[in-house]
Amino acid sequence: MSEPMIPAADAQASLEAALKGEILRMYEEVAEQPNGDFHFFHGRAAAELFDYDPELLDRAPPSAVASFAGVGNPHLRSELKPGETVLDLGSGAGLDGIIASWQVGPTGTVIGVDLNPAMCMRAKANAGASGTQLECREGRMEDLPLDDESVDVVISNGVINLSFQKRKVVRELFRVLKPGGRIAVTDIVSAKQLSQSIVNDPKLWAS
Ligand SMILES: C[S@@+](CC[C@H](N)C(=O)[O-])C[C@H]1O[C@@H](n2cnc3c(N)ncnc32)[C@H](O)[C@@H]1O
């Protein structure tokens, strides 16, 4: 079996830049045109498939539900408690952050972090419509805009797979977690090495 080719540094930098552009474009498109044709599950149908509580989906702002682009349900394991501080890594249009806000209540805090400032604005608007306070910080999961040992729980849904630097992301999660903190992540993993033509295709990676 042949080893995957590791791209040279400049080739990797241009691939990363192309990936970032594709990520910005694709998730904005899901947020702006949720009824469009995408080759991944999204919206209410996806949330129901992943066992989100229909009552919570009815209660959440329709635009947060329509733009949901997660790959699973981190709330099934997060066991959030009132008063906790939660980081929603790659918070997108905000559905998971809003659900987390209801769980931690008025004494808790939910901080979203997203690469895309437009997604942060959308998440904050959706949170406002849901009657919750969701802080959203523009930033990269590889270099989180949070202090050391500042959060009780990290939730994330379909985001870490998008990074070129997954070890760095995991290190960042452990840096910002308080001792004894928890991580509830749903994401995509491949059981086998992907072909180089897939790895080098920003469109496929971004989705
Ligand atoms: C698949 S969507 C998931 C959004 C949300 N968790 C949900 O379930 O709807 C991926 C989100 O991660 C954000 N993202 C992608 N790469 C990122 C990075 N390096 N740092 C922070 N956010 C990133 C994208 O802008 C997008 O909003």
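Order of appearance sets the numbers: ligands from 1, and atoms from 1 within every ligand.
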Return yes or no for this condition: an N or O of [X] is under 3.5 Å from an N or O of ligand 1.
X	value
Gly90	yes
Asp114	yes
Tyr27	no

For [atom], what's the nearest protein heavy atom and its distance?
atom	value
atom 15 (C) of ligand 1	Ile23 CG2, 3.5 Å
atom 23 (C) of ligand 1	Leu115 CB, 3.5 Å
atom 20 (N) of ligand 1	Met141 N, 2.9 Å
atom 3 (C) of ligand 1	Asn157 O, 3.4 Å

inquiry  = Could you measure the distance from the CZ atom of Arg25 to the NZ atom of Lys20? Nearest 0.5 Å is fine.
reply    =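 Between atom CZ of Arg25 and atom NZ of Lys20 there are 15.5 Å.
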
Just which atoms of ligand 1 are under 4.0 Å from any heavy atom in [X]?
X	result
Gly139	20 (N), 21 (C)
Gly158	1 (C)
Gly70	7 (C), 8 (O), 9 (O)
Phe68	8 (O), 9 (O)

Minimum heavy-atom distance [X]-[Y], with the two atoms named:
X	Y	result
Ser163	Gln165	OG-N, 2.9 Å
Pro61	Ser130	CD-CB, 3.7 Å
Asp187	Ile160	OD2-N, 2.8 Å
Gly90	Asp114	C-OD2, 3.5 Å
Val159	Met141	O-CE, 3.2 Å
Pro74	Asn157	CD-ND2, 3.5 Å

Under 4.0 angstrom from ligand 1, any heavy atom of [X]?
X	answer
Leu162	yes
Ser163	no
Gly94	no

Item to complete: Kindly indicate, with the supporting measurements, whether the criterion salt bridge (Lys or Arg N to Asp or Glu O under 4.0 Å) is fulfilled by Arg122 and Glu32.
Response: CA-CA 10 Å; Arg122 210 173 284 272; Glu32 275 166 21; 3.6 Å; yes

- Query: So with a 6.0 Å cut-off around CZ of Phe50, is the heavy-atom count from everything else above 12?
  - Reply: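 Atom CZ in Phe50 is packed in, count exceeds 12.
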
Out of Lys20, Arg140, Glu16, Glu142, whose heavy atom is nearest to atom 19 (N) of ligand 1?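 That would be Glu142.
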
I want to confirm something. Looking only at heavy atoms, which of Gly92, Ala69, Pro145 is nearest to atom 9 (O) of ligand 1?
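Looking at heavy atoms only, the winner is Ala69.
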
Part of Asp96 within contact of ligand 1 (heavy atoms, under 4.0 Å):
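Only the side chain of Asp96 comes within reach of ligand 1.
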
query = Charged N to carboxylate O below 4.0 Å: is that the case for Arg175 and Asp143?
reply =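 Salt bridge flag = no for Asp143 with Arg175.
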
Presence of salt bridge, Lys178 and Glu84, under 4.0 angstrom: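 A salt bridge is absent here (no side-chain N lies under 4.0 Å from a carboxylate O).
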
